[in-house]
There are 2 protein chains.
Amino acid sequence: MKMNETENNLPEPTKAELEILQVLWEFGPSTVRFVNDQLNMQREVNYTSTLKQMQILTEKGILKRDESQMKHIYIPVEAEEKTKVQLLDRFVNTLYKGSASQLMMQLLGNEKTSKKEIEEIKRLLDSME
Amino acid sequence: MKMNETENNLPEPTKAELEILQVLWEFGPSTVRFVNDQLNMQREVNYTSTLKQMQILTEKGILKRDESQMKHIYIPVEAEEKTKVQLLDRFVNTLYKGSASQLMMQLLGNEKTSKKEIEEIKRLLDSME
DNA sequence: TGCGTCGTACGAAAACTATCGTACCTTTAG
DNA sequence: CTAAAGGTACGATAGTTTTCGTACGACGCA
């Protein structure tokens, strides 16, 4: 088994792939041109590099594309939520042996987590009753 | 800047490196032999591969080692907590734009997060008042 | 003393990831 | 019709990470 595959056999998105996914999550199905422009707001990257990445993502089954137009439209196969849940699950398992509360403790101990955030979390929990 | 370096210039541990760190976190300072044996409970890996990784980790300053014995003893330079906080921080920023409460929502929506865990988190928050 | 075992050192291959140049096709303006 | 602009395809290269073979030194013991 490849190192970058999980037990349920889904390939783990790499860093560059995640960048692309995030654009698609934020703006919805897009062309390579659009994604590339977005990426270039953060860092310089060649159009064909982005194109290649998105083709690879499609090969991997992480993206699908509408080829009915000349400008292909790329769409994530899985919903944002589902992908993030998978990544989060893997993260919790890897670093915290699956203990969500342990992760929480660090989150709350981190000064970068603002009081406002903490209040929001409390409301969330209360509303779950 | 290398892709795998953060803004504060600390090298991000790779997957294989993280595996080794986790053994050291769990069992304390150890020899290569011990770490390798632990890893081999999960997957097959050659002794010299583990050795090399640990040497690289030492070069990077992530581990230090006691060479006073023939069997070198390897020790993480940073505490487990500190390293995990860094990784968590990066994770939240990357996937949740820094919003801890958003991460929480997914954690709580995940059926793998047990009721027991949720209760624990609540107690934690209450005790923070 | 000689040999098997166990250790480290380290270069190089293998695997994986990221980037880019080039070729070539389609559309459109003139 | 033709040139320019903009699109996809894809091989090659570069960069990074992971794995391993080989060399060789320490130790223990028959």
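First the proteins, then the strands, lettered A, B, ... as listed; each starts at 1. Treat the numbers as computed from the prediction; the structure is a model and nothing was measured.
A:S30 meets the side chain to side chain donor-acceptor pair (under 3.5 Å) test with no other residue; sequence neighbours excluded. In this structure, the ring-ring contact (aromatic ring centres under 6.0 Å, His included) partners of B:F91, at least two apart in sequence or on a different chain, are A:F91. A search for side chain to side chain donor-acceptor pair (under 3.5 Å) contacts involving B:K52 returns nothing, not counting sequence neighbours.
For the pair A:D37 CG and D:dG7 P, the computed distance is 9 Å after rounding to whole Å. The nearest whole Å value for the distance from the CD1 atom in A:I56 to the C1' atom in D:dA12 is 13 Å. Atom C1' of nucleotide C:dT19 and atom CD of A:E19 are separated by 13 Å, given to the nearest angstrom. Going from atom CG of B:L18 over to atom P of D:dT18 covers 10 Å, rounded to whole Å. Distance NZ (B:K15) to P (D:dT17): 13 Å, rounded to an integer number of Å. When the P atom of D:dT19 is taken as reference, atom CG of B:L39 falls 9 Å away, rounded to whole Å. Between the P atom of C:dA18 and the CD atom of A:E12 lies a distance of 11 Å, rounded to the nearest Å. For A:L57 and D:dC10, the CG to P distance is 17 Å, given to the nearest whole Å.
Among residue pairs with one or both ends in residues 13-58 of chain A, those qualifying as ring pair (Phe, Tyr, Trp, His ring centres under 6.0 Å) are A:F27-A:F34; sequence neighbours excluded. Applying the salt bridge (Lys or Arg N to Asp or Glu O under 4.0 Å) definition to pairs two or more places apart or across chains, those involving residues 94-109 of chain A are A:K97-B:E26.
Counting any heavy atom pair closer than 4.0 Å across all strands shown, B:Q53 reaches a base atom.
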Short N/O separations, protein against nucleotides 4-10 of chain C, under 3.5 angstrom:
from	atom 1	to	atom 2	distance (Å)
C:dG7	OP2	B:R33	NE	2.7
C:dG7	OP2	B:R33	NH2	2.7
C:dT8	OP1	B:H72	N	3.4
C:dT8	OP2	B:Y47	OH	2.2
C:dA9	OP2	B:Q55	NE2	2.8
C:dA9	OP2	B:R65	NH1	3.2

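Nucleotide C:dA15 is matched to D:dT16 when pairs are restricted to Watson-Crick or G-U wobble geometry with both distances under 3.5 angstrom. Using the Watson-Crick or G-U wobble rule with both distances under 3.5 Å, D:dG7 pairs with C:dC24.
Regarding contacts with the backbone of C:dA18, every side-chain N or O of A:R43 stays at 4.0 angstrom or more from both OP1 and OP2.
Separating the NZ atom in B:K64 from the NE2 atom in B:H72 is a distance of 15.5 Å, to the nearest 0.5 Å.
Taking a cutoff of 4.0 Å between a charged side-chain nitrogen and a carboxylate oxygen, A:K15 and B:E12 qualify as a salt bridge.
The glycosidic torsion of C:dA23 lies more than 90° away from 0, which places this base in the anti conformation.
Distances from the side chain of A:N46 to the nucleotides D:dC20, C:dC20, D:dT19 place C:dC20 closest.
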